[in-house]
Amino acid sequence: MTDYKSTLNLPKTAFPMKANLAQREPETLKKWQSANLYQQIQDASEGRDPFILHDGPPYANGDIHIGHSVNKILKDIILKSKRLSGYAAPYVPGWDCHGLPIEHNVEKKIGKAGSKVPYEKFRAKCREYAQKQVNGQREDFIRLGVFGDWENPYLTMNYEFEADIIRSLGRITENGHLVKGFKPVYWSVVGGSALAEAEVEYQDKTSTQIDVRFDVVDRDKFLGAFSADIGELPLSVVIWTTTPWTLPANQAVALNVDLPYSLVKFAGGKQGEEVILLATALIESVMSRYGVEGYEVLAETAGASLEGAALQHPFYSERQVNITMGDHVTTDAGTGAVHIAPDHGMDDFIVGQKYGIQTLNYVQADGTYSSEAPLVAGQHVYKVEESILALLEENHRLLAQDKLQHSFPHCWRTKTPLIFRATPQWFISMQENGLLDACKEAVKDVQWLPEWGQNRIEGMLEQSPDWCISRQRTWGVPVALFIHKETQALHPETSRLIEEVALRVEDKGMDAWFELDAAGMLGDDADLYEKVTDTLDVWFDSGVTHSAVLERGGVDVPADLYLEGSDQHRGWFQSSLKTSIAIRGKAPYKSVLTHGFVVDKDGKKMSKSIGNVMSPQKVMKTLGADIIRLWVAATDYRGEMTVSDEILKRTADSYRRIRNTARFLLANLEGFDPATDMLPASEMVALDRWAVGQSAKLQEEIQGLYDTYQFHGIYQKIHNFCALELGGFYLDVIKDRQYTAKADGQARRSAQTALFHIVEALARWIAPILSYTAEELWQHIPGSREDSVFLASWYDELTVLSSDTEMNDDYWATVLAVKTAVNKQLEVARKDGVVGGSLEAEVVLYCSTDLKSVLDQLQDELRFVLITSKVSVLDGASAPDNADETDVEGLRMLVAKSDNSKCERCWHHTEDVGSHEDHDTLCGRCVDNVEGDGERRLFA
RNA sequence: AUGCGAAUAGCUCAAUUGGUAGAGCGAUAAAAUGAUAAUUUAUUGGUCGGAGGUUCGAUUCCUCCUUUGCGAACCA
């Protein structure tokens, strides 16, 4: 008895089914690193068209989270696909290294700069800390399989970079966009310093809320807006405030332009009847708050009609203030009239800017009023309340008074309530030299993906105030300017001085500025000028990477692509745009792509306190980086990106499908040498040509989807291809031929040729996404090839099946529909216990004339396509009554169990089993394959 | 006063100019045991976030609402 099983060509490969990515990926990574693969790729792509994706720098603090992973992986996918398409696509990663969070962490360790630690040492420690953070994050990015020049990233704290930041400031100054101005900032009166947003925390505070009358000065004009006659009754606009100490700085009263306002007559205080202005919507609540029961609404008008009316300041008799319009005025609380002190509120400041009202600067750094402030000079804002109330009482201006508990900003260090205080700051002006208009114009020529990105950034630009770029911090690039001690004007030779400073910073880092001896640089002028000691907003640092990285690296601006999370419309996209326009008058990018944020299974944002974060490090250690990469690719990143254990599990399932498909392709290429065994298309079995044609079509689609950054479509298509066209049809059909045909016969070589083409293509399709797996696969594909899949280009040996071909795509689509119908009937027969495996079955197909002519083309090979032992194609007219209907038009059929014996070797049930005397358990086909020339196939 | 988005089967995604929704995965059942912690087959999943409106007809257009993300604001 011969061991026929040994005569089969069963699948065999060293490519393991079990991915074991957590262990295998680091090994692959080591190979990449020791081969210096990224450098090899760059060397190989010299002279090709460049594609520049400019990296937005993550902040150098903390471990990377899943959002970082998404961003870097998307960038990596794009760049790897561009390289497959023949572009030179370098990737220079960067980090944002200055700023407050780093300062705070260092402060926690070694104490405050200037008091416990000298500034210079503090900055050195910050530098050290940032570098450590960079190193940690870098390791994880590399582990994710992201290719780039990790040895030479750009760091905003590199000396050269710091110098370029200063140069950028110089160019912006030169172009007339830098102005000095005031801005209200959070101010800690105890700490005596400005605070950044991050240093603010909200606590409950009990404030005194008061209602204050502002008498109307020009009564006739005011009343004209109402056409009301109130005789000689007192007339005032009433404001409500919780910060009485800001009243000395009051310079206006704001109404809402759209709200209706009414004149209300009632008997209020000791002075008897009076008339006040209130927002109509608030009359009831205000009157009840005042405890007034009888009142009369006299007339109504729109807020807009009162603009410009003059009012009397409640206790400065010499000061009149005007009614202004403020968007921030609402009917949520108060009276509908808001007192405006541009010194002490952002909204107030904006109103002030709009109406040309300057700040007064009454409150000093320590919280006391300056000598300029009448009546309250020398008092402290924390203790002035009683004096203010007394002044109001005295002038009969206090209408109501109460306590109010509310959430209020406090200094996170001293836990004391903060005030807003206008202080001198440096701004990049949106108006001074037409920056805003130029930005808005430039936005139109940028391609925003998705399109709504344009709306978004335009909306933000529309509301963007002058950009305050100065900070009173330690770990930041200095605003390296000299200003005149008296006039505060910039030194006339600022441009030259900036370049000199930049040269020194390039050499010694930013400390060069702080150590700089002005005399050495300014000569005789030294006494007249002082160094600015402010530092730059870190958004300025990262904003000028187009200069410090691209220009510096000899790369043309604009870059082809910026790609960041949607929050960067506010951040980096905007800071980069503004600085680039201010420097060179054009946008820094040709297109801007955004991705959403990662949320949990309920669509909620991830946060440590809720405990719903997904750690990329943990996923890499369990499922592997390729699973994260596949999840990123599979998710439509234009919206929120949902991740959960279930989703990752499903992703890992899909991964296995793709991997196993690849494995099966390889396993059937055992013994195939493309150099000698490949068949030309003309000699290939029709079905094999179809399989290659399908791949060719799919490849075109995939390339299109890579070009338009629609990776989730690629994932769907590749997965469906593996599961449907290949697993569910082609591979299932050719299994018989692969296993039972003669190893080097035409029938098998034809299929192997197809499999070889497909796996060559597949490895490239998945390479940008499943980088580790693609590389692993690459090493197992027969034939000579580049050392790495990442040194290859798209596979161009796939031949599309021409529609002129007799057995074209439409033809096989019909056959496939028939196969599906047959499968259904086989399943019925299986349920009925008629057959088990499909090879036990014989089917009779009763066809319409058209269908019959289609199926007849396959001749005897139709049974291989249907994976049954026998198929009879008969005229539909001859169908017996019991023939089953199918979903296919013109097809009825019958399934029967075969009466023939089963061939021991190929498992088909045929009449000729046992007809050969030496092989009494084999069919004729197998005999030919075992000891003859091997069968020849035409169609399947 | 808030600006820009998102919401389709348990999961990931589709749905061409408005014609009562499609894939794959999963789940369930079965087959085979020559892709075997794999494969094949069949079956099962949806008031297309909710309510109105326009229309002969709406997942698709309009309005409002709900939930949710990013940004802004957090308060006079």
Side-chain angles (χ1 to χ4, degrees), chain A residues 5 8-13 17-18 202 209 239-243 246 254 256-259 326-335 337-341 344-348 406-409 450 452-460 462-463 565-571 594 596-599 601-605 631 634-636 638-642 644 646-651 653-654 656-657 660-661 663-668 712-713 715-717 719-720 722-724 727-728 731-732 735-736 738-740 820 823-824 826-828 830-831 835-840 867 905-907:
Chain A
K5 186 158 174 167
L8 296 168
N9 314 298
L10 293 179
K12 190 180 168 205
T13 178
M17 169 151 39
K18 194 154 184 249
Y202 286 82
Q209 53 165 327
I239 65 95
W240 173 75
T241 182
T242 57
T243 51
T246 60
N256 185 301
V257 72
D258 295 322
L259 285 179
D327 288 341
H328 64 292
V329 179
T330 67
T331 55
D332 293 348
T335 60
V338 176
H339 117 77
I340 298 295
H344 302 301
M346 200 55 221
D347 288 323
D348 303 47
H406 58 166
S407 168
F408 196 81
W452 50 257
Q454 182 171 347
N455 266 342
R456 189 157 186 193
I457 196 145
E458 281 176 346
M460 286 175 174
E462 203 58 59
Q463 309 185 20
S566 59
D567 58 332
Q568 299 303 332
H569 285 108
R570 188 49 159 191
T594 46
F597 275 62
V598 181
V599 295
K601 65 181 185 344
D602 301 315
K604 298 272 173 62
K605 71 165 109 186
W631 165 72
T635 307
D636 183 354
R638 290 170 299 188
E640 287 92 63
M641 303 178 70
T642 315
S644 68
E646 185 192 354
I647 290 168
L648 288 176
K649 187 172 179 295
R650 291 289 100 83
T651 307
D653 286 344
S654 312
R656 293 213 311 273
R657 180 60 188 223
N660 268 317
T661 302
R663 176 170 189 266
F664 188 67
L665 298 175
L666 288 179
N668 281 290
H712 62 286
Y715 159 81
Q716 301 266 342
K717 281 182 189 298
H719 190 264
N720 277 16
C722 289
L724 298 179
L731 297 180
D732 203 27
K735 258 193 257 183
D736 171 79
Q738 280 302 291
Y739 299 170
T740 67
T820 301
N823 280 339
K824 276 187 190 160
L826 285 173
E827 188 65 23
V828 171
R830 195 171 287 136
K831 278 238 156 66
V835 295
S838 64
L839 283 176
E840 282 179 30
I867 319 182
R905 184 166 175 277
C906 74
W907 296 345

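Per chain, numbering begins at 1; letters A, B, ... match sequence-line order.
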For nucleotides 32-34 of chain B, print each protein N/O atom paired with a nucleotide N/O atom at under 3.5 Å, atom names and distance only.
| from | atom 1 | to | atom 2 | distance (Å) |
| --- | --- | --- | --- | --- |
| B:G34 | OP2 | A:K5 | NZ | 3.3 |
| B:G34 | O6 | A:R905 | O | 3.3 |
| B:G34 | O6 | A:W907 | NE1 | 3.4 |
| B:G34 | N1 | A:R905 | O | 2.7 |

Identify whether any heavy atom of A:T635 sits under 4.0 Å from a base atom; if not, whether one sits that close to sugar-phosphate; answer base, sugar-phosphate or nothing. sugar-phosphate
Roughly how many Å apart are B:C70 and B:U12, using the C1' atom of each and rounding to a whole number? 23 Å
Counting the atoms with a prime plus P, OP1 and OP2 as sugar-phosphate, which does A:T642 contact under 4.0 Å by heavy atoms, base, sugar-phosphate, or nothing? sugar-phosphate
When syn is taken as a glycosidic angle within 90 degrees of 0, is B:G45 syn or anti? syn
Can you check whether A:K735 reaches A:I867 side chain to side chain, under 4.5 Å on heavy atoms? no
Shortest side-chain distance from A:W240, nucleotide among B:C13, B:C70, B:A76: B:A76
By the 4.0 Å heavy-atom rule, please label A:A667 as base, sugar-phosphate, or nothing. nothing
What contact category does A:S654 fall into here, base, sugar-phosphate, or nothing, at under 4.0 angstrom with non-hydrogen atoms? nothing
Considering only the C1' atoms, how many Å lie between B:U8 and B:A29, rounded to the nearest integer? 28 Å
Flag the pair A:D567 and A:R570 as a salt bridge only when some basic side-chain nitrogen lies within less than 4.0 angstrom of an acidic carboxylate oxygen. no
Can you tell me, in whole Å, how much space there is between the C1' of B:U39 and that of B:A32? 9 Å
Is the shortest heavy-atom distance from the side chain of A:Q738 to the side chain of A:N9 under 4.5 Å? no
Suppose you measure atom C1' in B:A27 against the same atom in B:A73; what distance do you get, rounded to whole Å? 47 Å
Distance check, P atoms only: B:G34 and B:U44, in whole angstrom units. 31 Å
Any side-chain N or O of A:N455 under 4.0 Å from OP1/OP2 of B:G5? yes
Check: A:W452 and A:R638 side chains under 4.5 Å, non-hydrogen atoms: no
Given B:C11, B:A38, B:U68, identify the nucleotide with an atom nearest to the side chain of A:K604. B:U68
Give a yes or no on whether the backbone of A:G728 and the side-chain of A:D732 come within a donor-acceptor separation of less than 3.5 Å. no
For the side chain of A:E827, counting heavy atoms from C-beta on, which of B:U12, B:U39, B:U41 is nearest? B:U41
Tell me what A:G571 touches on the nucleic acid: a base, only sugar-phosphate, or nothing, going by heavy atoms under 4.0 Å. nothing
Reckon A:D636 touches a base, only the sugar-phosphate, or nothing at all at heavy-atom distances under 4.0 Å? sugar-phosphate
State which of B:U40, B:C70, B:C13 makes the closest approach to the side chain of A:Q716. B:C13
Gap between atoms OH and P, on A:Y715 and B:C13 respectively (whole Å): 9 Å
Roughly how many Å is it from CG in A:D567 to C1' in B:G71, rounded to a whole number? 8 Å
Nearest-nucleotide pick for A:V599, side chain only, options being B:A76, B:A35, B:G69: B:G69
Say you pick atom P in B:G5 and the same atom in B:U59; how far apart are they, in whole Å? 23 Å
Does A:T740 reach the side chain of A:L8, with side-chain heavy atoms less than 4.5 Å apart? yes
Tell me: CD of A:E640 to C1' of B:G71, nearest whole Å? 13 Å
Tell me: CD1 of A:I457 to P of B:G5, nearest whole Å? 14 Å
Any heavy-atom pair between the side chains of A:K824 and A:E827 that's under 4.5 Å? no
Just how far, in rounded Å, is P of B:A1 from CD of A:Q463? 14 Å
Protein-nucleotide distance (A:R650, atom CZ; B:A23, atom P), rounded to Å: 20 Å
Please state whether the phosphate of B:C13, meaning OP1 or OP2, lies under 4.0 angstrom from any side-chain nitrogen or oxygen of A:R638. no
Side-chain heavy-atom pair A:R650, A:I647 within 4.5 angstrom cut-off: no
Report the residue (A:L724 or A:I647) whose heavy-atom-nearest nucleotide on RNA chain B is the more 5′ of the two. A:I647
Would you say B:A76 has OP1 or OP2 under 4.0 Å from some side-chain N or O of A:T242? yes
Can you check whether A:R663 reaches A:L666 side chain to side chain, under 4.5 Å on heavy atoms? no
Stems involving RNA chain B: give each as a range paired with a range, ordered by first number, where a stem means at least three consecutive Watson-Crick or G-U wobble pairs under 3.5 Å. B:3-7 with B:66-70, B:10-13 with B:22-25, B:27-31 with B:39-43, B:49-53 with B:61-65
Over all strands shown, is A:F597 touching base, sugar-phosphate only, or nothing at heavy-atom distances under 4.0 angstrom? sugar-phosphate
N/O donor-acceptor pair under 3.5 Å between A:R830 side chain and A:G836 backbone: yes
When the distance from CZ of A:R657 to P of B:A38 is rounded to whole Å, what number comes out? 11 Å
So, are A:D602 and A:K604 salt-bridged, with charged N and O less than 4.0 Å apart? no
To the side chain of A:M17, which of B:U12, B:U36, B:G69 is closest? B:U36
Decide yes or no for A:M460 and A:H569: does some side-chain heavy atom of the first lie under 4.5 Å from some side-chain heavy atom of the second? yes
With respect to the side chain of A:H712, which nucleotide from B:A76, B:U41, B:C13 is positioned closest? B:C13
Nearest listed nucleotide, side chain of A:T243, among B:U43, B:A38, B:A76: B:A76
Take the protein atom CD1 of A:I239 and the nucleotide atom P of B:A76, then report the distance between them rounded to whole Å. 11 Å
Can a side chain N or O of A:R656 be found less than 4.0 Å away from OP1 or OP2 on B:A37? no
When rounded to the nearest 0.5 Å, the distance separating OH of A:Y739 from CG of A:N668 is 5.5 Å
What integer number of Å spans the C1' atoms of B:G50 and B:A76? 37 Å
Looking only at atom C1', what distance separates B:C13 and B:G46, rounded to whole Å? 15 Å
